[in-house]
Each structure stands twice: as C-alpha cells, then as structure tokens.
Amino acid sequence: MELTNDKTLGEQLSEQLLENPKNAALLMSDEEISTADSFCEGYKAFLNKAKTEREACAEAIRLAVEAGFKEYDPEAEYRFGDKFYFCNRGKSVILTVMGEKPLAEGIRLAAAHIDSPRLDLKQHPLYEDGELALFKTHYYGGIKKYQWTAIPMSLHGVIVKADGRSVTVNIGEDEGDPVFCVTDLLPHLAAAQMKKPMSEAIKGEELNLLIGSRPFKDDKASKKVKLNIMNILNKKYGITEHDFVSSELEIVPAFKARDLGFDRSMVASYGQDDRVCAYTALTAILGCDKPRHTCMTILTDKEETGSDGNTGLNSSYLPYFIDDLASLEGLKGHTVISRSLCLSADVNAAEDPTFSSVTETRNASKINYGVVVTKFTGSRGKSGTSDASAEFVGKIRKMMDDGEVIWQTGELGKVDAGGGGTVAQYIANLDMDVIDVGVPVLSMHAPLEVTSKLDTYMAYKSFSVFFED
Ligand code: MN
Ligand code: MN
C-alpha cells in the first residue's frame, strides 16, 4: 500500500483493514438527518393509529389505497407496474407491486409483523369483586408481567354479537376517553411481594383490569357494579355479557408515541416491535414504482405467539397467494418462491449500558448505528433459526453499501443468555433466501419501547434499496 498523505502507515492500514463503526449522526448530512426526523413524524402518527394488528392492517390498507393500490382480484391479470393488496382476515396484509421481470425471476419480499405483546380479554372476562368491576385477562406474547400494572390502558377490538353483526371497540385513546388499569400493591404492604422473584411478583391471574366502581341503583339486584358496567356497555355497543364469548378485545398501553430525549433523537412508544419495521417496510413498498423484480411487503400477525394460526407466517397464506400469482404466468408457486429473496423485517435488542452483561458488545446492535442485519436468531446452539448463508449476507451487504444505507450487525444477546426467533425460519422453510433486517430497540416488549429515529430511517432506506434490486 502506498503512503498517500501525511498519515503513518499504521494509521492508513488501520483505516483500510480494520472496522471502524461510527454513530449514524456523525455519518449523515444535516439534511438527511432532518429527512429522517420528518420521516418519523409519519411513523409516530402510524403508531398512534395502529395499536393492534387489526388497526395496523386497516391503516396500512388506508395508506396503500391513498398511494394507488387496488384490492387484489384473483380473476384479474396483473402487469408491470400494477399495485395491489391482499387482506387476510383483517389481521394481515400482502402489498404487491408487479415488476418488469417475469415472476420466474423471483420476488423481493419484506416481511414484518403487526401484532405486539399485550393483554387479551378472556371469553368470560367481566366480574365484580369487593364492589369493583374488573376484566379477567390472558396475556399475549412474552411480557414481564410486573411492567403492565399501574399504567393507563386502552381497549381495542371487535365483538361479534348473537345476530352475527360485529362492533368495533376503541376506547381509551382519545383525550376525553376514560382509561383502565391493572392495579398493584402499595410498597407499604408489599413486603412479601417484594421478596418474590420478578417472574412471580405479579402472576398471570393477577393481571385483572379495573373498569368500574359505581353500583347500579336498585335495592334488589345483586352484583350491582358489574350490572352497571354491563348496562353501560349494552347502551354503547348493544351487547350482553354472553357476547364476550365471540369477541377479540385487546388491552394495550394508552400512551401516545412521543419524542424521547432533549435532542428528540428517539421515539418512545408502545408496540414498536414490530411496527417500526412494519411502517418502514410499508412506506418502502408504497414508494416502490415500476421495480425490476416484483416487490412485496407482508405485514403479518401472530409472530409474538410463534407465528401459528391462519394469520401467522407459519400458515400457508403467503405460499397460496404467491401460487395464485405464479399461475397467472403459467408457473408453479414453488418456482417463484425458490427464486425469491426476503428481508425478515424485525427488531433486535439494542445494547443497553445499564444491562450490558447480557450482550456481547462486539456482536450487539447499538442505538444510532443504523439498521441491524442479523444472520441468525434462535437460542443455545442456533436452534430455532434459519441462519442466512454467507452468499446471501454478501449480497445484502453489497446492496446496503451501494445504496448508502448505514447498517450494523447484531446478535440477540450473549451465547446462552436466552434468545428468540422471528418469521425468518418459516420463510426459509419455504425454500427462500432470507435474513433478518430491522431496528434496534431498548426495553423490547415493555409497555414503552425505545428506538432511534436515524435507525428507523435507515430501515426504510434498506427496504427501499432492496426493492430496487
Ligand atoms: Mn418482533
Ligand atoms: Mn417481539
């Protein structure tokens, strides 16, 4: 190597041979930083509108229609440039932009999930105890239960009534709405509770939601607080207690997405796993116009419970859909699937300086170091993962670098510290090349999760670049 300036050979060799990661804020121009900040205004608005998988699906479709997408018609013929969406049971959606190349050359797929950890109502939720009205809940996804007490909660979902008609519920989000909460013990009387391990301090059956306290005025009726609540619900929604058996009601934190930090560099919000990747993969497909390969964003449900179920990616709804598209060009579905590439768009755990003992710093993702590329997830000896090939990592790496995406790699914690999975393995099992790409998150699965605006913007940029492949 030649000495080209006044740096020593060691300095030059260090620059050329060694990795030298930098904070994205130091690499990006002021203009691009402000573009990233404005991008996250749209992201926060999405978070506030889309607090459940159903709401995220509806909001994604609303934005898609605004961007010129039409509802998928199995009878229609699709050509280069056509944009359409397929909604699966109101809880997941596939957005497609037809490419210039035939489908035989494969699809570029970004897959994010729109379900988040929360509390679901049981099928017989309503009861009265100690002259208070409460809902029994069953938590959904992996939560630290103690985090879900003593914070304002809202109620979202649908109730299908005896006559088959469905009502939509969304209460606790508007300024004037009431909220709900799971109560916790005061410290003065929590001596025994505080000695318990955190996993037992609040038990699943203690996640009871407080919803009312005033009795119905009547001398003879019993359980008058419960009756009063049921009477209010009957007037508002036309339901009776038995209608809860055919409902899906979800309790989520009633917080709004907010800027975090004096420098407003981060977003604090519920549900960023994985709506941060859902929003970025969505905006990338909405901005995708006349791509070379056919491009697709899938926003799926049920990832947090293992992807099983007919709206989760362990089901056949994605291969069925691709099969239908393939048949339009006289192809078999598996021909298209086997030649397709996928970015499994999901978050990773950002290194937390307060809890750095669980991460291995050379291989952990960091806030503000860009979008995270994760070669494998899983736990123990790489069980429960797909592990992308060196060839595919090489392709994605080059794509990111050529597209000026700031990116980093990250493993989910130290070896044997725990682990987790994404939808990548289910997509890989279809015979597709897939790798995890997403945003680093602090306090993942907590009622309030934290992401960096620059990382979020880089995720959007990475999906956009992928769709240009
Ligand atoms: Mn996730
Ligand atoms: Mn998760």
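Counting begins at 1 with the first residue of the sequence. Every number for a ligand or one of its atoms is a count from 1 in the order of the listing.
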Donor-acceptor contact below 3.5 Å, side chain Lys256 vs main chain Glu173: yes
Gln425 and Thr385: side chain donor to acceptor below 3.5 Å: no
Side-chain H-bond candidate by donor/acceptor type, Asn88 with Thr311, under 3.5 Å: no
Name, closest N/O/S atom of Glu304 to the Mn ion (ligand 2): OE2
Residue Asp273, metal the Mn ion (ligand 1), N/O/S under 2.8 Å: yes
Atom nearest to the Mn ion (ligand 1) - Asp346, N, O or S atoms considered: OD1
His113 near the Mn ion (ligand 2) via N/O/S, less than 2.8 Å: no
Salt-bridge contact Arg118-Glu250 (side-chain N to carboxylate O under 4.0 Å): yes
